[in-house]
Number of protein chains: 2
Amino acid sequence: MKFTNRQLDIIQAATKLIGEKGIQNLTTKNLAAEIGFSEAALYRHFKNKNVIISSILEYYKDEIKDVMFGIIQDSTTGILKLEKIIEFLFNRFSSNPAIIMIVFAETSFQNDIQLSEQVHSILKQKKMVFEQVILKGQNDGSIRMDIQKEQLATIFMGSLRLTVLRWRLSNMNFDLNKEGDILWSALAKVFIK
Amino acid sequence: MKFTNRQLDIIQAATKLIGEKGIQNLTTKNLAAEIGFSEAALYRHFKNKNVIISSILEYYKDEIKDVMFGIIQDSTTGILKLEKIIEFLFNRFSSNPAIIMIVFAETSFQNDIQLSEQVHSILKQKKMVFEQVILKGQNDGSIRMDIQKEQLATIFMGSLRLTVLRWRLSNMNFDLNKEGDILWSALAKVFIK
DNA sequence: GCTTTATTAGTTAGTATTAACTAACTTTGT
DNA sequence: ACAAAGTTAGTTAATACTAACTAATAAAGC
């Protein structure tokens with residue numbers, strides 16, 4: 001396994017702290033308190049704080065990747081895959097808002113080169129997955145072909161991200177799933193052949 | 001005037017610091033060093049650091065607003081306005097990347113309620129401007145009407161923001177203006193009636 | 001089977017460093 | 001003369017991390 005049980009405890013607690021008040025809330029002190037042991041104990045499980053953050057990113061990258069690949073394996077058309085992905089993501093985010101902070105943490109790590117690169121690589125990977133889905137959709141005839149897959153992926157991911165950002169900034173005061181439906185009905189019109 | 005000359009110096013220096021290494025690089029120590037005076041001198045011009053950050057946000061909000069309204073006043077069609085706006089923004093960002101960090105600073109202030117609200121209000125305002133431009137475009141017949149202005153604004157702003165984010169995470173290693181052109185040619189197809 | 005030896009996972013009590021900010025004093029410009 | 005703008009030299013609080021130690025459990029040797 002990638003992580004021990006105790007490491008998973010720590011990742012979970014860290015997720016909660018970040019979800020509550022952002023990355024600045026993730027201090028060794030708060031994290032130890034959240035788990036219920038001493039600060040020093042953290043260092044029995046991770047070399048340092050950066051490794052903790054890095055592990056959080058890895059953990060959720062894998063988690064989301066697994067579900068996405070499940071959806072992609074389905075034998076539906078490209079456009080239906082996009083619909084299912086948007087549905088899954090918005091549902092996941094609204095049921096566990098803490099994840100948003102992590103999945104959208106790009107700006108938080110600007111001072112650390114390694115973390116910043118890790119975040120970039122995750123974003124690139126996601127973009128490639130979407131591009132492949134779109135390409136298949138263009139081939140199966142469900143998605144328009146007069147716009148390149150790269151641009152469609154940007155449009156898809158960008159509008160999705162902005163919607164989630166607005167939700168977060170509004171303190172989650174609208175129904176994200178509903179907004180996701182509305183967004184999708186617009187995107188479907190844009191994507192369809 | 002909204003700010004004294006010295007306050008403008010401080011805003012400029014702060015912008016530079018944030019642009020270089022993100023918001024975590026904006027410390028009173030670094031800021032004072034950048035300007036070339038002591039830390040304590042900062043407090044002759046601003047009550048505290050939060051007021052400095054808040055002023056930076058205000059400053060660039062106004063700056064961008066002014067140019068945007070200039071573009072909107074033009075008697076061109078809605079779709080042409082969008083094209084000019086995207087051209088202006090991408091040009092502005094690539095010639096002064098530091099501004100990106102500030103304009104896209106949403107995630108950085110999650111721990112501070114007041115700043116977080118200010119950022120949200122700026123985003124809302126921008127969205128409204130885009131919605132108005134799109135609405136006019138729908139009325140003048142240059143923009144499709146089967147998708148609501150709110151969704152088109154989300155698509156427009158979202159894809160624009162994601163492109164800029166990718167550029168930043170890649171350490172500006174592609175031509176943003178060129179990428180902006182490519183994005184626009186895709187968006188134009190999507191928006192046009 | 002039972003003692004010795006390691007390991008794991010925790011503790012307490014610190015460290016050095018850095019952050020934002022302030023009080024008291026000095027210089028400068030009009 | 002005096003207000004504005006600067007300085008020096010600090011304060012307080014927080015941060016990531018470490019040293020030294022311990023109880024409990026597991027492994028090894030005879």
Side-chain angles (χ1 to χ4, degrees), chain A residues 1-18 20-57 101-102 105 107-116 118, chain B residues 1-18 20-57 101-102 105 107-116 118:
Chain A
M1 268 187 277
K2 221 169 185 173
F3 298 109
T4 66
N5 285 338
R6 209 61 172 134
Q7 283 178 322
L8 291 173
D9 289 346
I10 295 170
I11 288 170
Q12 200 189 345
T15 304
K16 192 182 164 197
L17 289 174
I18 294 172
E20 279 164 3
K21 291 183 194 171
I23 200 81
Q24 269 124 319
N25 197 40
L26 184 69
T27 62
T28 50
K29 191 182 174 184
N30 290 351
L31 185 51
E34 179 68 34
I35 296 161
F37 64 15
S38 69
E39 278 183 69
L42 287 170
Y43 293 85
R44 295 279 169 222
H45 303 281
F46 287 103
K47 203 197 155 214
N48 57 46
K49 194 184 151 184
N50 265 10
V51 176
I52 296 177
I53 297 174
S54 182
S55 301
I56 300 170
L57 291 172
M101 284 305 298
I102 289 147
T107 42
S108 307
F109 307 128
Q110 247 235 320
N111 57 326
D112 186 291
I113 293 165
Q114 202 228 300
L115 287 177
S116 176
Q118 191 178 347
Chain B
M1 271 187 279
K2 220 168 185 175
F3 299 109
T4 66
N5 285 338
R6 211 58 172 140
Q7 283 178 323
L8 290 173
D9 289 345
I10 294 169
I11 288 171
Q12 198 188 346
T15 304
K16 192 182 166 196
L17 289 174
I18 294 172
E20 279 164 4
K21 292 183 192 169
I23 199 85
Q24 269 122 321
N25 196 40
L26 184 69
T27 62
T28 50
K29 191 182 174 185
N30 290 350
L31 186 51
E34 179 67 35
I35 296 161
F37 63 14
S38 70
E39 277 183 70
L42 288 170
Y43 294 85
R44 297 279 169 221
H45 302 281
F46 287 103
K47 201 196 155 215
N48 58 43
K49 194 184 151 183
N50 266 10
V51 175
I52 296 178
I53 296 173
S54 181
S55 300
I56 300 170
L57 292 172
M101 284 305 298
I102 289 146
T107 43
S108 308
F109 307 126
Q110 247 234 320
N111 58 326
D112 188 291
I113 295 167
Q114 202 227 300
L115 287 177
S116 176
Q118 191 178 349

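Proteins get letters first, then strands, A, B, ... in listed order; numbering begins at 1 in each.
Between C/dT11 and A/Ser38, a contact under 4.0 Å exists linking OP1 or OP2 to a side-chain N or O. Distances shown here put a side-chain N or O of A/His45 below 4.0 Å from the OP1 or OP2 atom of C/dG10. For A/Arg6 and C/dG10, the shortest distance from a side-chain N or O to OP1 or OP2 is below 4.0 Å.
By the 30° and 60° cut-offs, the orientation of the rings of B/Phe37 relative to B/His45 is parallel.
For B/Phe37, the side-chain atoms get nearest to D/dT7 when compared with the rest of D/dT18, D/dC17, D/dT7. You'll find that the side chain of A/Thr27 is closest to D/dA16, out of D/dA16, C/dC21, D/dC17. Taking the side chain of A/Lys49 as heavy atoms from C-beta on, and the options C/dA23, D/dC17, C/dT12, the nearest nucleotide is D/dC17.
No donor-acceptor pair under 3.5 Å is formed between the side chain of A/Asn111 and the backbone N or O of B/Lys21.
Between the CD1 atom in B/Ile102 and the OG1 atom in B/Thr15 there is a gap of 4.0 Å [rounded to 0.5 Å].
Residue A/Thr28 is classed as a base contact, given a heavy-atom separation below 4.0 Å to a base. Counting non-hydrogen atoms under 4.0 angstrom, A/Tyr43 reaches a base of the nucleic acid. Nucleic acid contact class of A/Leu26 (heavy atoms, under 4.0 Å, all strands): sugar-phosphate only.
Rounded to an integer number of Å, the gap from CG of A/Leu42 to P of C/dT8 is 18 Å. Rounded to whole Å, atom P of C/dA19 lies 14 Å from atom CD1 of B/Ile23. For the pair A/Glu39 CD and C/dT15 P, the interatomic distance rounds to 15 Å; values are reported in whole Å. Atom CD1 in B/Ile10 sits roughly 10 Å away from atom P in D/dA5 (whole-Å rounding).
Remark: the A/Ser54 side chain and the A/Gln118 side chain contain an N/O donor-acceptor pair separated by less than 3.5 Å.
The nearest heavy atom of DNA chain C to A/Arg44 and to B/Asn30 marks one nucleotide each, and the one closer to the 5' end goes with A/Arg44. Residue order along DNA chain D, read from the 5' end via each residue's closest nucleotide, puts B/Gly36 first among B/Gly36 and A/Lys29.
Nearest heavy-atom pair, B/Met101 versus B/Ile23, reported as atom, atom and distance to 0.1 Å: CE-N, 4.3 Å.
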